[in-house]
Amino acid sequence: MAETLDKVYDPPSIEKKWYKFWEKAGLFQARADGSRPPYCIVIPPPNITGSLHMGHALNNTLQDILIRFKRMQGFDALWMPGTDHAGIATQNVVERMLAQEGKDRHSLGREAFVERVWQWKEQSGGQIITQLKRLGCSCDWSRERFTMDAGLSRAVREVFVRLYEEGLIYKGDYIINWCPRCQTALADLEVEHEPKDGHLYYIKYPLVGQEGAVTVATTRPETLLGDTAVAVHPDDPRYLAYHGACLRLPVLGRKIPLITDPHVAPEFGTGALKVTPAHDFHDFEIARRQGLPAVKVLDEQGVMTEEAGKYQGLDRFTCREKILKDLKSDGLLEKVERYAHSVGQCYRCRTIVEPMISKQWFVATKSLAEPALDAVRQGRLRLIPDSWENSFFDWMTNIRDWCISRQIWWGHRIPAWTCPQCQQVIVAREDPQACPACGGNDLHQETDVLDTWFSSALWPFSTLGWPETTPELKLFYPTSVLVTAFDILFFWVARMMMMGIHTMGEVPFREVYIHALVRDPEGQKMSKSKGNIVDPLELMDRFGTDAFRFSLAAFAAMGRDIRLSEERLAGYRNFANKVWNACRFTLMNLGDYDAALPDEQPLTVAESWILSRLQQVSADTVKTLDAYDFDQAAHVLYQFIWHEFCDWYLELIKPQLSPAAAPEARRHCQGILLKVLNSILRLLHPFMPFITEEIWHKLPNTQGSIMVSPFPQPDPALNNPHAEREISLLMNTITAIRNMRSEMNVPPATLVDILIFAQEALPLEILKRHTQAITLLARVQEVRFQPDSGPPAAAAKSVVLLPEGGSVDLVMPLTGIIDFREEERRLNREMDKLSRDLAQAQRKLANDDFLAKAPPDVVEKEKERLQAFTEKLTKLKSHQKRIREFVR
RNA sequence: GGGCGGAUAGCUCAGUUGGGAGAGCAUCGGCCUUACAAGCCGGGGGUCAGAGGUUCGAAUCCUCUUCCGCCUACCA
């Protein structure tokens, strides 16, 4: 006896159960033995500080769909999971905790602080992993990695040393972005520019030894304390007379030169630029070109240094106010304009960053970027959609050296030591005991740690065991695809490409699928400050994980932002319930089904049709998933399962399935139904893993897990255009009758008679075969074919066009049923529409150019259309005439 | 400043080599028809942002305009 199901699908009751089942059975684990073709995705490692947000949910759902799909297709599918130590973010979290205890990291000391972070990581760092499991992610957890575990740390060190030895890592004094709050250098990318309403201050720099002054414009007046020149464009006529002159720096009184530099834009402000080499990127470059000194007036806390004279010790913004006041009283503040400009902020804490000269470590990126550019240009690595290529090329071509040192404690400490005796710098794989140059043994290790993105740049090969040559590395590198949102294309993807190609000699992945960002229903980016965060866990609770995943897939059209809509989530929850009930129906009708008994029965037309459609849907699903058209795949499945399988196939087979049917026919029908349902579940499984597994186990003749059952293969032999045409005619006929009934306000309880007329014999034969379906599905009492009496005058009429030409007339006698006026209105509506289509076709065919230049098949098609429209219109017209006569 | 994307039904969006405008939700009408009211059946609703061009034919290709996003950039 088959099992039964509850009436409504209840997700929470089964989701946990099946995840445990899969994990316990080891079904997530890749074999890595070469017995199957490899397929590998490395997860974009979530930060250990993170908890699952919409972006993760989308990103990981898509990856899981791909991995489950490929696993079922017979690949040795490895989804490599892990987490990122997230240097600054994590340090900030732990520092905030310390602050609540009234402590700070300095009072703890470096070692104790790092220990504390590890403790925190052990306690709360795994939260997001639990949440990924909740989402159903089939990662190979037995291989889970962490960017600071022993193996990955070794990889980091190895790469660092190699790049240093190759001269691609260097240390030097350069201008960098500094976050005064995090107290660390930031890479250019880690600075977010935000438009701010500010002011442009016009400040007079008096000339030395002559009358007058040169006025400069600036948004940051406090930096004038660090000015070492004023620059003008060499050809600017206003300043030709002053070339070579000296100016007196306001407030401090220092003498600075007026220099010329072609980079100054004469049209901006006054055309005179104050040069602050220590605190401005542009000025830094000018100073290097012209050999100007740099004066550092801001320190690492954003406080004025002693170079700032009487302003020493002031906060940078307090200093700004003070200086403005002083300038005013000195009569040197010419004017102030409102000015909107963009201000750089720390991407972690949103503090305004300060450009600053500092000794930092850099990766020379030019020679690394070139091979990555080539890989994309030559198609060895595909960006999907390729609209991202432009941005990628642009960024990689103009890339600047990457500042990789951070002045924080949590991260990979830079493996460099300095000998205080002889200043020798040692960069080594193993901690050195003594200075190789002078033998001194009091070596000082670099206190800086590496940018968090340095270790994640190695992720695709470090997680597979590099620098060891593991079987995994051999088998799975290059990985198959990277799935990521575009916001970390440069942070992460580009750097993985550079590091992967340089270290491994081969791209880290063959394809990068770049998906959209999830926004709120108003299209706003979700952020804590806006308070518009939607919690994916809550949505899973409310709609079920399967419906949630299916929704994300259905939303994931390429190259577009995703707006979250609860209405659609509810729609896909209903879809899950529909699937559930289709299975419930199946199980209810299985009764005494015994698969062991032979089935000699031929396929019915409805069966041939559904099998034909099923195989097309399999083909479409494979095709769209391979092309990352997740929304298409979801749509195809939704449409087929609901509107073909449920709406028509299940309805059509009901008579054959009933206990009244012949036992052999019934058993045969059960067998095919099971087969189709089984395939549907497997097609759906990558999207909806839980419900499909649950049902799978309720079906007879299934074993093991659906997770490792084969994905339905398209089978062209099952393609059956004949059956499709036949069922299509039947569906059109039933729909036309339903339509007539509904438009004529015939209540469902009233059975009607239908007369069917046609010129050709074939459509009549076909419909005769399906008389039972017509009576049941269109609520018809009696169907009569070509009765000798002909169509009665008092009747409603509908014309079904046949794709191969010709038509079928459906006549519904209206004795005592139909309102003639209603029928006339209905006819008018239909004929209006028809006339418009007809006129359009006539216009086209009257055009000689169209006949001469359009492809023959298009012309032919148009002719057929015209004929069909004409035929239908003629019939409806004569019917209309009869109705009118009858009414009179 | 440079680049990219979007503007299609009331809402959210599909529409991939240019050839009969689609889906889901919403709406309206009718149904508790024994899998499902989270359901069934049927209907209405669109100068495909605007203008021009290419073409026999444009939502689709080209140009321009308007209005929204986003990315990127050292005009202080």
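Letters go in sequence order (proteins before strands), and every chain restarts at 1.
One can place CG of A/N739 at 10 Å from C1' of B/rC41, the figure rounded to the nearest angstrom. Rounded to an integer number of Å, the gap from CD1 of A/I399 to C1' of B/rA73 is 15 Å. Taking atom NZ on A/K853 and atom P on B/rU54, their separation rounds to 13 Å, with Å as the unit. Rounded to an integer number of Å, the gap from A/L776 CG to B/rC40 C1' is 14 Å. When the C1' atom of B/rG39 is taken as reference, atom CZ of A/F585 falls 15 Å away, rounded to whole Å. A straight line from CG of A/N574 to C1' of B/rG39 spans 9 Å, rounded to a whole angstrom. The CG-P distance, from A/N398 to B/rA73, rounds to 9 Å in whole Å. Rounded to a whole Å, the CG atom of A/D647 is 11 Å from the C1' atom of B/rC36.
Taking atom C1' in both B/rC48 and B/rA14, the straight-line distance is 13 Å, to the nearest Å. Across B/rG15 and B/rA58, the matching C1' atoms stand 14 Å from one another, rounded to whole Å. A distance of about 30 Å separates the P atoms of B/rG22 and B/rU63, rounded to the whole Å. Here, B/rG3 and B/rG46 have their P atoms 39 Å apart, quoted to the whole Å. For the P atoms, the distance linking B/rU60 with B/rG24 amounts to 25 Å, nearest Å. Of the P atoms belonging to B/rC25 and B/rA38, the separation is 13 Å, rounded to the nearest Å. Nucleotides B/rA7 and B/rC13 place their C1' atoms 12 Å apart, quoted to the nearest Å. On the P atoms, B/rC70 is 43 Å away from B/rC56, given to the nearest whole Å.
If A/S391 and A/H643 are placed on RNA chain B by their nearest nucleotide, the residue sitting closer to the 5' end is A/S391.
The aromatic rings of A/W388 and A/F486 sit parallel, their planes meeting at an angle under 30°, below the 60° perpendicular limit. Using the six-membered ring where Trp is involved, A/Y638 and A/F575 have ring planes that are tilted, between 30° and 60° apart.
Look at A/K578 and you'll find a side-chain N or O under 4.0 angstrom from OP1 or OP2 of B/rC40. Contact annotation: A/R836 does not reach the phosphate of B/rG20 (side-chain N/O to OP1 or OP2, under 4.0 Å). In terms of phosphate contacts, A/H341 brings no side-chain nitrogen or oxygen within less than 4.0 Å of OP1 or OP2 of B/rA73. Side-chain N/O atoms of A/K654 include none lying less than 4.0 angstrom from OP1 or OP2 on B/rU33. Dashed line: the shortest gap from a side-chain N or O of A/Y339 to OP1 or OP2 of B/rA76 is under 4.0 Å. For A/W648, no side-chain nitrogen or oxygen approaches OP1 or OP2 of B/rC40 to under 4.0 Å.
The residue A/P747 sits apart from the nucleic acid: no heavy atom pair falls under 4.0 Å. Within the nucleic acid shown, A/E864 has no heavy atom closer than 4.0 Å to any nucleic acid atom. Residue A/K7 is in sugar-phosphate contact alone, with no base atom involved, counting any heavy-atom pair closer than 4.0 Å across all strands shown. Residue-level contact check: A/V8 touches the bases, meaning some heavy atom is under 4.0 Å from a base atom. Using a 4.0 Å heavy-atom criterion, one finds that A/N577 contacts the bases of the nucleic acid, with or without backbone contacts as well. Residue contacts for A/H279: at a heavy-atom cut-off of 4.0 Å it reaches no nucleic acid atom on any strand shown. When heavy atoms are screened at a 4.0 angstrom cut-off, A/T218 is found touching the sugar-phosphate backbone but no base atom. Within 4.0 Å of A/T586, counting heavy atoms only, lies no atom of the nucleic acid at all. Using a 4.0 Å heavy-atom cutoff across all strands shown, A/C646 reaches at least one base atom of the nucleic acid.
With hydrogens and angles ignored, no donor-acceptor pair under 3.5 angstrom links the side chain of A/R738 to the base of B/rG42.
With 3.5 Å as the limit, one finds a donor-acceptor pair spanning the side chains of A/T276 and A/K274. Remark: the A/N589 side chain and the A/Q670 side chain contain no N/O donor-acceptor pair separated by less than 3.5 Å.
For A/Q842, the CD atom is densely surrounded, since the number of other residues' heavy atoms within 6.0 Å is greater than 12.
Considering A/K204, A/E334, A/K335 in turn, A/E334 is the only one that fulfils the side chain to side chain donor-acceptor pair (under 3.5 Å) rule with A/T215. Here the rule is ring-ring contact (aromatic ring centres under 6.0 Å, His included) with A/Y572, and of A/F550, A/F543, A/Y9, A/F687 only A/F550 fits it.
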